Structures are given as structure tokens and as C-alpha cells.
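In what follows, a single structure is set out as C-alpha cells and then discussed.
In each ligand, atom 1 is the first atom listed, and ligand 1 is the first ligand listed. Just so it is clear, the structure is predicted and the values come from calculations on it, not from any experiment.
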Amino acid sequence: MQPETKLLEVKGLRAGYGETWAVHGIDFEVMAGRVTALLGANGAGKTTTLRAISGMVKTAGTVDFNGKSLVGMKTEAIAAAGIAHVPDGRGTFMELSVEENMKLGAYTRKGDQTAEFDRMFAYFPKLKERFRQQAGLLSGGEQQMLAIARALLLKPKLLLLDEPSFGLAPLIVREIFDIMRQIKDREGVGILVVEQNASLALDISENAYLLETGRIVMSGASSEIAKDEGLRRSYLGY
Ligand SMILES: Nc1ncnc2c1ncn2[C@@H]1O[C@H](COP(=O)(O)OP(=O)(O)O)[C@@H](O)[C@H]1O
Ligand SMILES: [Mg+2]
């Protein structure tokens, strides 16, 4: 997949629960080989937006992935089409070993998993050291690495990451994102990362959108937004 390829194009997306909408008609896109950040305070609708892409909540509007509409597709079909979702809380099975968690990640891929696992160990050597250990005993950073490795075993074209920095020390987050950058450059995946931590998210992304109570109030190149003190002060509060 070439960079500059539009992987995901979202238009007029509404998403919500029961009788109410939490996301009120938003437009954004994610390019292949790029990191796009979706910023916003707690409750802004970031998680709901990712859930809408994955077909997990009530949705209206247009969500095109590689030029094909995802609206109305089941979550499993969306995953099979090439979208891997690392949910908030990471979705790790704490009682299972690292190995078992990785096998679950690779469940749609038949045949020998050794080569695939080795590919993940090259990115995340700590997972190899801890392969037989219970996932619940890993550090927070290692658990996030495991969650990402599981998602990558699906060989996605688009990776959705919901607050990967949550509860982690900044240094670990940066380490994880350095690895993510290699992965995206080498494998050409697009990454949509949701973050409350705006300064961090602008640092690790190429493009950013800011959500406020279900609406996009700002968007642009991350470097431009980070540079603009007025924007940062009035919208991002740092
Ligand atoms: N399962 C749910 N049922 C009903 N409302 C929800 C549910 N999850 C989130 N919401 C509401 O949707 C809005 C957006 O939430 P969310 O997408 O989780 O925000 P964020 O991820 O940006 O913190 C909030 O008002 C929240 O209370
Ligand atoms: Mg959230």
C-alpha cells in the first residue's frame, strides 16, 4: 500500500447509544502509512468514533475503507477486511499467557504462526522474554505491546488505537510509538490513534483532529497545531 493512499474516509458520521447520539456528524480521513490523531477531552466521543468504524455502535453517515463502505457490516467482517482495533483497556486476557493471547490474535491466520510471532518479537523483544508468562503479570507497557502485537497479527491495513498511553509513563509511551513508526513505515499500515494527551498525540502523529462533545472543532497538520500557541491554549489547554 502506497502512502498518500486514502485508507479511511469518514463523512457525516453520527454514532451513539440507544436513543442518543454521542458523535454528531464528523468528517475525517486516515492515509496509509500515516499516523492520524483524534484528540479530545474525556467524554468527547473518541471511543465512540472508533467503535463506529468497527461496527460496534449505532451509526449513520459514510465510512469508506479502501473505497468500500463499511456501514452495516458486522464487526468480524470489518476486522477481516483489514481493520484491527485495540480497545481502551487493551482487551488482553489477563489469565492467559502471552503466547495464548498472541494465538488468539492470529486466529484468522491458518498455518504456521512461528514466522508471524518472530516478526512481532523483532518489534517487541520483551514479548519473547515473557512468552510463557501470564499476561496479567506484565507491566502496563508490556501489556500495551501485547495488545498491539495481537492486532498486528491480523495483518491489518488500518490500526485503531484507543488511548494507548493510558496509565503508562511517558517514556514507555514514546518507546511504543517509536516502534509503531517503524511498523507503519515497514508495513505501510495507517494508524488512527485516539488520545486525551494532546501534546503527546501531536508529537507522534502527522495529522490531527480535535473532537469536542461529538463535533470536530479543529484539524490540520500536527506540527502546525503544536506550533500554534493560540490554538494550543484555546483548544488543547497546554
Ligand atoms: N455504552 C454507552 N452507553 C451510553 N452512553 C455511552 C456509552 N459509552 C459512552 N457513552 C457516552 O458517549 C459520550 C462519548 O463517550 P466516549 O466516546 O467514551 O468518549 P471519549 O472516548 O472521548 O472519552 C459520553 O457522553 C458518554 O457518556
Ligand atoms: Mg475513550
What atoms in ligand 1 come closer than 4.0 Å to a heavy atom of [X]?
X: Thr47; result: 17 (O), 18 (O), 20 (P), 21 (O)
X: Asn42; result: 23 (O)
X: Thr48; result: 14 (C), 15 (O), 16 (P), 17 (O)
X: Ala22; result: 12 (O), 13 (C), 14 (C)
X: Ala41; result: 22 (O)

### Query
Does some side-chain heavy atom of Leu146 sit less than 4.5 Å from a side-chain heavy atom of Glu142?
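Answer no - side chains too far apart.
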
### Message
Does any part of the side chain of Val23, heavy atoms only, come nearer than 4.5 Å to the side chain of Arg14, both counted from C-beta?
### Response
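No, too far: nothing below the 4.5 Å cut-off.
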
### Message
Give me the residue, atom name and distance of the protein heavy atom closest to atom 10 (N) of ligand 1.
### Response
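That would be Tyr17 CE1, 3.4 Å.
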
### Query
To the nearest 0.1 Å, how far is atom 19 (O) of ligand 1 from its closest protein heavy atom, and which atom is that?
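Residue, atom and distance for the closest contact: Gly45 N, 3.2 Å.
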
### Closer than 4.0 Å: a protein non-hydrogen atom to atom 6 (C) of ligand 1
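Flag for atom 6 (C) of ligand 1 set to true, protein heavy atom closer than 4.0 Å.
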
### Query
Would a search of protein heavy atoms around atom 27 (O) of ligand 1 find one under 4.0 Å away?
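Under the 4.0 Å cut-off, atom 27 (O) of ligand 1 has no protein heavy-atom neighbours at all.
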
### Message
Tell me whether Phe166 at atom CZ has more than 12 heavy atoms from other residues, nucleotides or ligands lying less than 6.0 Å away.
### Response
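Counting other residues, nucleotides and ligands, CZ of Phe166 stays at 12 neighbours or fewer.
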
### Query
Which atom names give the shortest non-hydrogen contact between Ser222 and Leu202, and what distance separates them?
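Where Ser222 meets Leu202 most closely, the heavy atoms are CB-O, 3.4 Å.
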
#### Entry: Distance-minimising heavy-atom pair for Leu231 and Ile225
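Heavy atoms only, the tightest pair is CD1-CA, 4.4 Å.
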
### Pair Thr47, Asp162: side-chain N/O donor-acceptor within cut-off below 3.5 Å
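Per modelled atom types, Thr47 and Asp162 side chains form a pair under 3.5 Å.
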
### Task
Evaluate the criterion salt bridge (Lys or Arg N to Asp or Glu O under 4.0 Å) for residue pair Arg215 and Glu212; output intermediate values, then yes/no.
CA-CA 5 Å; Arg215 291 185 173 83; Glu212 257 178 31; over 6 Å; no

### Query
Of the backbone and side-chain N, O or S atoms of Thr47, does one lie nearer to the Mg ion (ligand 2) than 2.8 Å?
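Thr47 does place an N, O or S atom closer than 2.8 Å to the Mg ion (ligand 2).
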
Could a heavy atom of [X] be found less than 4.0 Å from some atom of ligand 1?
X: Gly18; result: no
X: Gly43; result: yes
X: Arg51; result: yes

### Query
Side chain or backbone of Gln196 under 4.0 Å from ligand 1, or both, or neither, by non-hydrogen atoms?
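Neither part.
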
### Message
So if I apply the side chain to side chain contact (heavy atoms under 4.5 Å, CB included) rule between Arg181 and each of Ile204, Ile191, Val35, which one comes out positive?
### Response
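Among the candidates, only Ile204 passes.
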
### Task
Under the salt bridge (Lys or Arg N to Asp or Glu O under 4.0 Å) rule, what do Lys6 and Asp64 come out as? Steps first, then yes or no, please.
CA-CA 10 Å; Lys6 205 180 280 181; Asp64 286 344; over 6 Å; no

